[in-house]
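This report refers to the structure that appears directly beneath it.
Throughout, protein chains are lettered first and strands after them, A, B, ... in sequence-line order, and every chain is numbered starting at 1. Values in this document were obtained by computation on a predicted structure and should not be read as measured data.
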Amino acid sequence: MKNMRKGIRLTSEFFNRDVLKVAPGLIGKVLVLKNGEGLNYFSITETEAYRGESDKACHASRGRTPRNNIMYGKAGKVYVYFIYGMYWMLNFVTAEENNPQAVLIRGIEGYCGPGKLTKALNIDGSFYGEDLSTSDRIWIEDQGNKPVVKRGKRVGIGYAGKIWIDKQWRYFSELK
DNA sequence: AGCAAGATCGGT
DNA sequence: CCGATCTTGCTG
């Protein structure tokens, strides 16, 4: 959704924290994407936390691989991956180096579902490794919104085992 | 080299 | 519930 308000870009400081802080903190923040000459603004409505090698639902649960390599690096980088032969998933790296955590962006205003929003916004593998604090085509702004954040279980991780399935690491606002 | 599974989605 | 569609990572 278009948004003309002035926002403050989030830097690596925001992302260099535990994902259980960053994931709820992103609800109500604004995803900004370059679109030709202009910019598009989308309020983030739903996120999920993936928290290190011990988290059996996290891509890092089986150690470092070419795909998840970026998760082991600096916070505030974009982690995108291709799934089910047709969808790109948009994630941001959180926490300090060698602590492989990421936030999955599951919903933005106007688009519910992680595969649908990347398709709508033309986000693909070319965004892998993009730095949210310096990129000129993708970043996050704080525009002062303070939504009520609700939480629930993560979606689509039935393979992870009960204790990880039961974690309430999905965060969302009523705005959907 | 082969293969099973997948942080999804839309149609039955 | 099921198929689409193809990358990834594990096995051998």
Between dG6(B) atom P and L104(A) atom CG, what is the distance in whole Å?
16 Å
Without decimals, in angstroms, what is the distance between Y50(A) OH and dG6(B) C1'?
12 Å
In this structure, how many angstroms lie between the P atom of dG9(C) and the CE atom of M71(A), rounded?
12 Å
Is the shortest side-chain N/O distance from Y84(A) to OP1 or OP2 of dG3(C) below 4.0 Å?
no
Is the distance from OP1 or OP2 of dG9(C) to the nearest side-chain N or O of R67(A) less than 4.0 Å?
yes
Atom pair distance, as rounded to whole Å: OH in Y159(A) and P in dT8(B)
8 Å
Would you say a side-chain N or O of R62(A) is under 4.0 Å from OP1 or OP2 of dT8(C)?
no
Pair K29(A) + E141(A), salt bridge at N-O below 4.0 Å
no
Select base, sugar-phosphate, or nothing to describe what G115(A) touches, counting heavy atoms under 4.0 Å on all strands.
sugar-phosphate
For DNA chain B, whose closest nucleotide is more 5', that of L117(A) or that of G158(A)?
G158(A)
Report yes or no: is there a donor-acceptor pair, N or O only, under 3.5 Å between the side chain of Y81(A) and the base of dA7(B)?
yes
Compare all side-chain heavy atoms of V78(A) with those of I70(A) and state whether any distance is below 4.5 angstrom.
no
What's the separation between atom CZ in R154(A) and atom OG1 in T47(A), rounded to the nearest 0.5 Å?
11.5 Å
Protein-nucleotide distance (F82(A), atom CZ; dC9(B), atom P), rounded to Å
13 Å
Charged N-O contact under 4.0 Å between E46(A) and R170(A)
yes
Please report the distance, rounded to the nearest Å, between CD1 in I105(A) and C1' in dA7(B).
12 Å
Out of the candidates V103(A), V93(A), L26(A), only one should pair with F15(A) under the side-chain contact (heavy atoms from CB on, under 4.5 Å) rule; please name it.
L26(A)
Under 6.0 Å between ring centres: does that hold for H59(A) and Y81(A)?
yes
How long is the line joining CZ of R154(A) and P of dG6(B), in whole Å?
14 Å
Using a heavy-atom cut-off of 4.0 Å across all strands, would you classify M86(A) as base, sugar-phosphate, or nothing?
base
When the P atoms of dG2(B) and dT5(C) are compared, how many Å lie between them, rounded to an integer?
22 Å
Distance-only, no hydrogens or angles: does the Y171(A) side chain make a donor-acceptor pair with backbone N or O of V149(A) under 3.5 Å?
no
Given dG10(B), is OP1 or OP2 found less than 4.0 Å from the side-chain N or O atoms of K116(A)?
yes
Options dC6(C), dT8(B), dT8(C), nucleotide nearest the side-chain atoms of Y87(A)
dT8(B)
Pair assignment for DNA chain C - dot-bracket with | for other-strand partners, Watson-Crick or G-U under 3.5 Å:
||||.||||||.
Atom pair distance, as rounded to whole Å: CG in N69(A) and C1' in dT7(C)
17 Å
Look at the side chain of D142(A) and the backbone N and O of G144(A), then say whether any donor-acceptor pair between them is shorter than 3.5 Å.
yes
